[in-house]
Amino acid sequence: MSMKVPFFNNTQLEESFHYREDDTPDHVAIIMDGNGRWAEKRDMPRAAGHKEGVSTIVKIVKTAIKSKVKVLTIYAFSTENWKRPKHEIDFILKLPKEFLSIYLPELISQNVRIEAIGDMNNLPFYTREAIQHAINRTRDNDGLQLNFALNYGSRHEILNATKELIRDINNGKVSLDELDEQQFSGYLYTAGVKDPDLLIRTGGEKRLSNFLLWQLAYTEFWFTDVLWPDFSEKEFLHALEKYRERERRYGGILK
Ligand code: FPP
């Protein structure tokens, strides 16, 4: 696949490595939008935009590692994306396997831990197998946590969490009176993961598209018109900078 570019080399590491700034967001979530338009503008098939989008993932993962972001969650395939033509769905769902077949060794050496959120059951076997293998191989790493949101839909997630919770209330595992937000969060795919500090959406649209509705309650949003395949390290660092300028009050007031 032509997306093969070196992930890191030693010179790059020495030249650009910098230590985490205190106000770097711990968790960045990204809605990678604009692949199709990027391709259409070039009279190319939409698949070419998705392929180029994978090269952007490589760049942004690398930059997130350098910036010492702790968790990066990327929206790769939503529960609504099944409405697309079959050939486009098939193409997108083959990309995780292609990406991991090239980059997993480098991700392992960079101490990245791979996780997935979403309903893995309805994904093709080759997608599930590649993701599960990557999860198993990186389980003990404690660097960047890279979450792939695959067949993810937030309403589905919340509904499932509620059903499971009701089962646990009925069988006495959970007390309805003592149930709190933290306990509820434990029933979501993101159990144990800090809520995103920053959400980036590329491609110009200003909506959440059923992404992390519960988890984004107090997240700072950064929208850009740049299409995902054109999104660069510079743009990502700019979004982190803009985040640092924000005042997070969580509904309170500044002292
Ligand atoms: C949105 O752009 C993008 C997607 C629905 C797919 C994103 C998937 C990838 C970049 C590949 C995932 C791969 C890995 C390795 C996890 P769009 O097609 O909606 O763009 P448009 O709004 O311009 O039509």
Side-chain angles (χ1 to χ4, degrees), residues 1-5 7 28-62 64 71-107 112-120 123-124 126-135 137-138 144-154 189 199-212 223-232 235-236:
M1 193 172 200
S2 66
M3 64 191 180
K4 177 70 179 154
V5 287
F7 195 67
V28 180
I30 306 184
I31 301 176
M32 312 181 285
D33 198 14
N35 294 344
R37 277 165 286 161
W38 183 91
E40 280 156 16
K41 270 168 61 178
R42 289 165 177 74
D43 284 329
M44 291 160 92
R46 292 174 57 83
H50 296 310
K51 195 163 169 174
E52 196 60 28
V54 177
S55 301
T56 305
I57 294 177
V58 174
K59 278 185 262 172
I60 298 310
V61 169
K62 187 171 113 179
V71 185
L72 183 67
T73 301
I74 56 174
Y75 205 5
F77 192 83
S78 75
T79 45
E80 288 70 36
N81 286 152
W82 295 107
K83 293 177 198 155
R84 295 187 179 211
K86 185 173 180 322
H87 62 87
E88 185 173 342
I89 295 172
D90 290 347
F91 189 87
I92 295 174
L93 293 180
K94 280 186 182 134
L95 291 174
K97 182 175 174 166
E98 283 191 56
F99 169 81
L100 290 166
S101 68
I102 297 171
Y103 293 107
L104 185 59
E106 290 172 87
L107 292 166
V112 171
R113 182 155 71 89
I114 292 169
E115 283 290 347
I117 59 171
D119 184 354
M120 297 294 121
L123 292 172
Y126 49 81
T127 313
R128 269 186 288 141
E129 191 193 32
I131 294 283
Q132 196 52 56
H133 174 69
I135 292 173
R137 288 296 310 278
T138 61
L144 176 76
Q145 178 176 337
L146 175 59
N147 292 326
F148 293 114
L150 276 165
N151 195 21
Y152 176 86
S154 194
Y189 293 124
L199 170 84
I200 297 173
R201 182 174 185 141
T202 62
E205 311 290 0
K206 292 179 182 61
R207 53 178 171 251
L208 292 182
S209 303
N210 203 12
F211 191 43
L212 302 172
F223 296 107
T224 170
D225 290 338
V226 175
L227 305 175
W228 178 249
D230 290 328
F231 192 68
S232 62
E235 300 273 347
F236 183 73

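Because the structure is predicted, anything quoted here is derived from the model rather than measured. Whatever order the structure lists ligands and atoms in, that order sets their numbers, starting from 1.
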- Query: For ligand 1, is there an atom lying under 4.0 Å from some heavy atom of Gly34?
  - Reply: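 Yes.
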
- Strictly under 4.0 Å, does any heavy atom of Arg46 approach an atom of ligand 1? yes

Is there a polar contact, in the sense of an N or O pair closer than 3.5 Å, between [X] and ligand 1?
| X | value |
| --- | --- |
| Gly36 | yes |
| Arg37 | yes |
| Asn35 | yes |

Can you list the ligand 1 atoms lying under 4.0 Å from a non-hydrogen atom of [X]?
| X | result |
| --- | --- |
| Asn81 | 5 (C) |
| Phe148 | 16 (C) |
| His50 | 4 (C), 6 (C), 18 (O) |
| Ala76 | 6 (C), 7 (C), 8 (C), 12 (C), 16 (C) |
| Phe99 | 15 (C) |

- Closest to atom 2 (O) of ligand 1 (judged by heavy-atom distance), picking from Val58, Asp33, Thr56, Ile30: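 Nearest option to atom 2 (O) of ligand 1, by heavy atoms: Asp33.
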
- Item | Candidate with minimal heavy-atom separation from atom 1 (C) of ligand 1, of Lys51, Met32, Glu52 | Met32

- Close side-chain approach of Leu208 to Leu199, heavy-atom, < 4.5 Å: yes

- Task: Kindly indicate whether the side chain of Asp33, heavy atoms from C-beta on, has any atom under 4.5 Å from the side chain of Phe223.
- Result: no

- Message: Checking contacts here: is it the side chain or the backbone of Arg84 that comes within 4.0 Å of ligand 1, counting heavy atoms only? Could be both or neither.
- Response: side chain

